[in-house]
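Everything on this sheet refers to the single structure shown next.
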Amino acid sequence: MSLTPSTPREIARASRAVSRGFAAKLSGRERGHDRAVHRESYDVHDSRAQVSRRLADGSEAATFAVVDALVATAREFDLFERSKGNGRPLKDTGIVVLQAVLRHHWHEFKTGRIDPALSQLMKVTGYVRQTIVDALARLDKYGFLGWVRRTIRLSDPMPGGPIRQQTNNSYFVDEARIASRAGRNVRDRFRQLLARAKARMVLRAKQRSTTPPLPAPSPAPRPAAITGLAAALAALEAAVDRGPCPSLDNGLSPPSE
């Protein structure tokens, strides 16, 4: 983006921004980045925006075990609350969004980084923007998912305009939030399901290591050695190929005429 407005629309926009900025200075209300972004948003390089944490040891299998246990816990919690007549606190949309945030390619297992854009979640789930925003709010309310809003500094801002813009949220999972918002029993259930998942992983690993290797294919049978009558016939056939055949009675050639 050029610093110098080139079209009538850009010139008008820059003029309005300058006018608003000048008016704000006269009234003692300096315009800044907080006017252009959500409250409680932090720069992507700010330490307060560094909330990424690994869910397991960084491997895909272990991470998915944690994710699946968390999703199963959320589903049980949702149905249990409904059975008490309280309605479903997370709803199906909340469960689907939780899976979408944690199980797709934007989840970097080794670092724990999870920062999909809302547009990406819309594409994966098929939900409209507001449905996803509402589902995220419910997941945050009951502690199953947390996030931090982040901003980035514009490299070429308009004169008098905002100097920052909103960027993707950074998401994370924290057991302490589940315990404090949904209840310790829900946190304990999550730990129980996770322990079962880990036990299954260990069992499968042991089965793979103890399974005997498949036997090597046996070599093809070698042709049997030529002996006895077969050898005599072979020699006779070779002699016929060479010339006059010896007498079968005394081994001498027959007299010539």
Side-chain angles (χ1 to χ4, degrees), residues 50-116 120-127 131-148 168-214:
Q50 312 306 314
V51 295
S52 299
R53 60 193 71 174
R54 292 193 310 184
L55 296 185
D57 59 5
S59 67
E60 178 177 330
T63 301
F64 279 162
V66 177
V67 172
D68 292 344
L70 182 66
V71 171
T73 304
R75 186 176 289 110
E76 288 187 9
F77 167 73
D78 200 45
L79 297 177
F80 180 73
E81 290 298 313
R82 184 182 66 176
S83 69
K84 296 193 301 182
N86 298 331
R88 296 181 61 182
L90 301 178
K91 306 183 187 302
D92 288 334
T93 52
I95 304 299
V96 172
V97 170
L98 180 62
Q99 288 180 302
V101 171
L102 299 178
R103 281 193 66 91
H104 283 270
H105 62 85
W106 44 71
H107 186 169
E108 297 180 0
F109 305 136
K110 292 185 178 181
T111 64
R113 178 180 174 181
I114 314 171
D115 55 0
Q120 292 176 300
L121 296 177
M122 291 168 60
K123 183 177 181 180
V124 168
T125 62
Y127 296 151
T131 299
I132 292 177
V133 170
D134 293 342
L136 288 172
R138 293 193 297 272
L139 292 168
D140 175 62
K141 179 179 179 180
Y142 293 100
F144 287 93
L145 195 64
W147 66 86
V148 170
N168 300 352
N169 297 337
S170 182
Y171 298 89
F172 63 92
V173 174
D174 183 6
E175 287 188 18
R177 288 168 60 86
I178 299 175
S180 64
R181 301 189 180 197
R184 292 185 179 180
N185 58 326
V186 179
R187 188 271 317 275
D188 293 343
R189 178 57 174 167
F190 166 62
R191 289 179 174 177
Q192 183 183 48
L193 293 176
L194 181 57
R196 291 180 182 177
K198 290 181 177 179
R200 289 193 295 269
M201 289 178 57
V202 172
L203 179 60
R204 286 194 294 267
K206 288 182 178 179
Q207 290 174 341
R208 287 194 296 268
S209 62
T210 58
T211 300
L214 295 175

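No donor-acceptor pair under 3.5 Å is formed between the side chain of D115 and the backbone N or O of N168. With R138 contributing its side chain and L90 its backbone, the two residues share a donor-acceptor pair below 3.5 Å. A distance-only check finds a donor-acceptor pair linking the side chain of D57 to the backbone of S59 [under 3.5 Å].
Put simply, the side chain of D68 reaches to within 4.5 Å of the side chain of R103, judged on heavy atoms. A 4.5 Å side-chain heavy-atom check between L193 and R189 finds at least one atom pair inside the cut-off. You'll find the side chain of I114 reaches within 4.5 Å of the side chain of W106, heavy atoms only. Residues D140 and R181 meet the side-chain proximity criterion, which asks for heavy atoms closer than 4.5 Å.
A distance of 9.5 Å separates CG of L145 from CD1 of I178, quoted to the nearest 0.5 Å. Atom CZ of residue R187 and atom CZ of residue R191 lie 4.0 Å apart, to the nearest 0.5 angstrom. Rounding to the nearest 0.5 Å gives a distance of 12.5 Å between NZ of K84 and CG of L79. Taking CZ of R196 as the reference point, atom CD of Q192 lies at 4.5 Å (rounded to 0.5 Å). Note: R75 CZ to L98 CG = 9.5 Å, rounded to the nearest 0.5 Å. In this structure, OG1 in T93 is found 8.0 Å from CG in D134, a value given to the nearest 0.5 Å.
Contact between P89 and E81 at its shortest, heavy atoms only, is CD-CB, 3.6 Å. Of all heavy-atom pairs between Y171 and L136, the closest is OH-CD1, 3.6 Å. Contact detail for V173 and R53: the closest heavy-atom pair is O-CD, 3.5 Å. When all heavy atoms of R113 and S52 are compared, the closest pair comes out as CA-OG, 3.5 Å. In terms of heavy atoms, V148 sits closest to F172 at CG2-CE2, 4.5 Å. Annotation for V51 and S170: closest pair CG2-OG, 3.4 Å, computed over non-hydrogen atoms.
Evaluated for a side-chain contact (heavy atoms from CB on, under 4.5 Å) with L102, the options V97, V66, L70 yield exactly one hit, L70.
Sparse packing is recorded around CZ of R184, with 12 or fewer heavy atoms of other residues, nucleotides or ligands lying under 6.0 Å away.
Scanning for side-chain hydrogen bond (donor to acceptor under 3.5 Å, both in side chains) contacts around T63 gives an empty result, with sequence neighbours left out. Residues passing the side-chain contact (heavy atoms from CB on, under 4.5 Å) test with S180: none are found, sequence neighbours excluded.
Ring pair F144/F77 is tilted by interplanar angle, where 30° to 60° counts as tilted.
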